[in-house]
Amino acid sequence: MCGIVGIVATQDVAAQLYDGLTVLQHRGQDAAGIATADGTHLRVHKGNGLVRDVFDARSMRLLEGRVGIAHCRYPTAGSEGLDEAQPFYVNSPYGIALAHNGNLINTDALRREVFEQDRRNVNTESDSEVLLNVFAHELDTQKALTPDSVFRAVEGVNRRARGGYAVVCTVLGLGLVAFRDPHGIRPLVLGKRATPGGEDEYIVASESVALDILGFERLRDVAPGEAVVVTPRGELFTRQCAPPQQHAPCIFEYVYFARPDSMMDDISVHKARMRMGVKLGEKIQRLRPDHDIDVVIPIPDTSRDAALEIANVLGVKYREGFIKNRYVGRTFIMPGQGERAKSVKRKLNPIPLEFKGRVVLLVDDSIVRGTTSRQIVQMARDAGAKKVYLASAAPPVRYPNIYGIDMPSVEELVAHGRSEEEIQQLLGCDWLVYQDLADLEEAVSGPKQRIEHFDSSCFNGSYVTGIEPGYFERIEQLRSDEAKKSRRAS
């Protein structure tokens with residue numbers, strides 16, 4: 001999972017791209033980069049680390065241009081080194097820089113095509129560089145540089161690439177290009193801002209929060225399979241570049257990744273999480289109408305909305321029981337099991353007064369490996385809780401996510417091949433309750449039911465793009481903690 005931003009403005013955009021990345025930092029803490037275009041010059045600066053660490057005053061001054069893109073990276077399997085920092089750049093045709101959020105599932109086949117058929121070289125293990133070269137080849141075959149030629153090139157990308165992807169590009173001589181995979185798995189939002197002189201400026205970003213911070217009005221979401229072109233003069237062109245497919249946005253965006261103040265696919269993340277809490281609270285009431293819960297405590301931060309609604313439904317107290325260290329990253333995207341384990345105690349500290357002698361219901365957004373949950377349950381016991389119950393606002397994660405969330409090897413998923421009773425025993429809690437998938441999907445879609453289908457593959461194992469034989473065996477080799485440890489060592 002990564003964060004992407006693209007802007008066309010009437011003045012240099014580097015500072016705005018930087019600000020946009022800072023509010024998308026939750027989507028990736030491993031690397032960051034900005035590319036800007038000014039006439040016939042394309043400038044790129046990128047590196048490993050947080051946004052604030054990658055850019056300084058000197059590097060920002062060099063990023064001149066009124067068209068630009070930016071990226072913050074969350075390292076998916078096989079793309080974890082400095083060479084994989086984005087944006088990527090090719091100088092033919094024209095000069096193109098590209099940043100990508102998502103994951104291609106036919107990368108190996110595309111890599112061979114790019115080399116043998118397109119006569120292009122890919123230098124890294126990143127599928128984003130493969131995607132860039134596919135787009136560059138398709139654009140080169142058009143023998144022209146117009147919005148129409150770009151749309152035909154994106155049509156070619158959509159025919160060849162499979163997976164989840166949201167993409168922003170700068171193309172020298174044309175402007176900003178953005179497009180989204182035919183199923184709309186990964187999010188992409190379009191916004192507009194008028195200057196005092198009446199000129200139009202545009203932005204595309206992973207989440208609407210980037211638009212808010214920069215003063216852009218949210219126009220709409222980029223549609224599945226749609227491409228957008230914005231020229232340096234502020235001219236907007238759009239076209240559908242793929243046959244109609246089932247719209248299936250990633251439901252895990254709403255469960256965990258996105259900020260609660262964002263709107264994606266016209267759904268409020270905040271309201272979706274509140275509805276998750278209502279649904280889960282109602283389930284708890286059905287299962288244990290005579291429950292003995294004294295207090296509901298969220299595991300900060302993404303479970304707060306759900307936990308508050310659970311407390312309201314159950315008619316019990318809601319309390320903040322953990323203090324979070326803001327200077328430790330999200331444990332889910334830590335690069336190794338050892339780092340994740342060490343980070344939990346550095347990240348959270350309990351308030352004993354909220355636990356002592358009480359039956360506590362801890363609420364988390366989801367449970368993936370279970371290592372963090374087990375430690376937090378023990379923290380609650382050590383703080384004096386009489387009983388510790390654990391509720392997950394999401395169903396059991398039993399399958400890999402293959403569209404851009406680097407969930408671990410299936411054998412490392414705590415729910416894989418285990419019943420809920422077995423998981424409860426492993427986590428050490430007195431009772432474990434999960435959200436039902438139908439309730440989760442209904443909660444995210446909301447009362448207006450704008451979205452009928454979601455990519456819920458990590459919960460139900462149903463992959464909207466289909467899977468080639470042997471794919472899971474390949475990602476198993478890439479995603480296990482042992483494989484990542486070996487790559488880092490080498």
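Note that the coordinates shown come from a computational prediction; the quantities given were computed from them, not determined experimentally.
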Are Phe355 and Phe322 near enough that their ring centres are under 6.0 Å apart?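 So the answer is yes for these two rings.
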Any chance the rings of Phe257 and His26 have centres within less than 6.0 Å?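 So the answer is no for these two rings.
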Counterpart residues, side-chain hydrogen bond (donor to acceptor under 3.5 Å, both in side chains), relative to Ser366 (two or more places apart):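 Counting only residues at least two positions away or on another chain, Ser366 forms no side-chain hydrogen bond (donor to acceptor under 3.5 Å, both in side chains).
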State which residues pass side-chain hydrogen bond (donor to acceptor under 3.5 Å, both in side chains) with Asp266; sequence neighbours excluded, sorted by chain then number.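 Checked Asp266 against side-chain hydrogen bond (donor to acceptor under 3.5 Å, both in side chains); matches are Arg218, Arg450.
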Tell me the salt bridge (Lys or Arg N to Asp or Glu O under 4.0 Å) pairs involving [range], sequence neighbours left out?
range            : value
residues 419-430 : Arg381-Asp430
residues 355-366 : Glu354-Arg358
residues 201-211 : Arg27-Glu207, Arg193-Glu201
residues 382-393 : Asp292-Lys387

Closest contact, heavy atoms only, Pro298 versus Tyr318: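 Scanning both residues completely, I find the closest heavy atoms to be CG-OH, 3.3 Å.
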Fit a plane to each ring of [X] and [Y], take the angle between them on a 0 to 90° scale, and name the class: parallel (under 30°), tilted (30 to 60°) or perpendicular (over 60°).
X      : Y      : value
His45  : Phe55  : tilted
Phe252 : Phe459 : tilted
Phe472 : Tyr463 : tilted

Less than 4.0 angstrom from a charged side-chain N to a carboxylate O is my criterion; do Asp436 and Lys283 meet it?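 Judged by the 4.0 Å cut-off on N to carboxylate O distance, Asp436 and Lys283 do form a salt bridge.
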Hey, is Arg186 close enough to Asp181 for a salt bridge, meaning N to O under 4.0 Å?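 Answer for the salt bridge query: no.
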Do other residues, nucleotides or ligands put more than 12 heavy atoms under 6.0 Å from Leu50 CG?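 Yes.
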Answer with yes or no whether the side chains of Ser59 and Asp56 bring together a donor and an acceptor at under 3.5 Å.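 On atom types as modelled, these side chains qualify, holding a pair under 3.5 Å.
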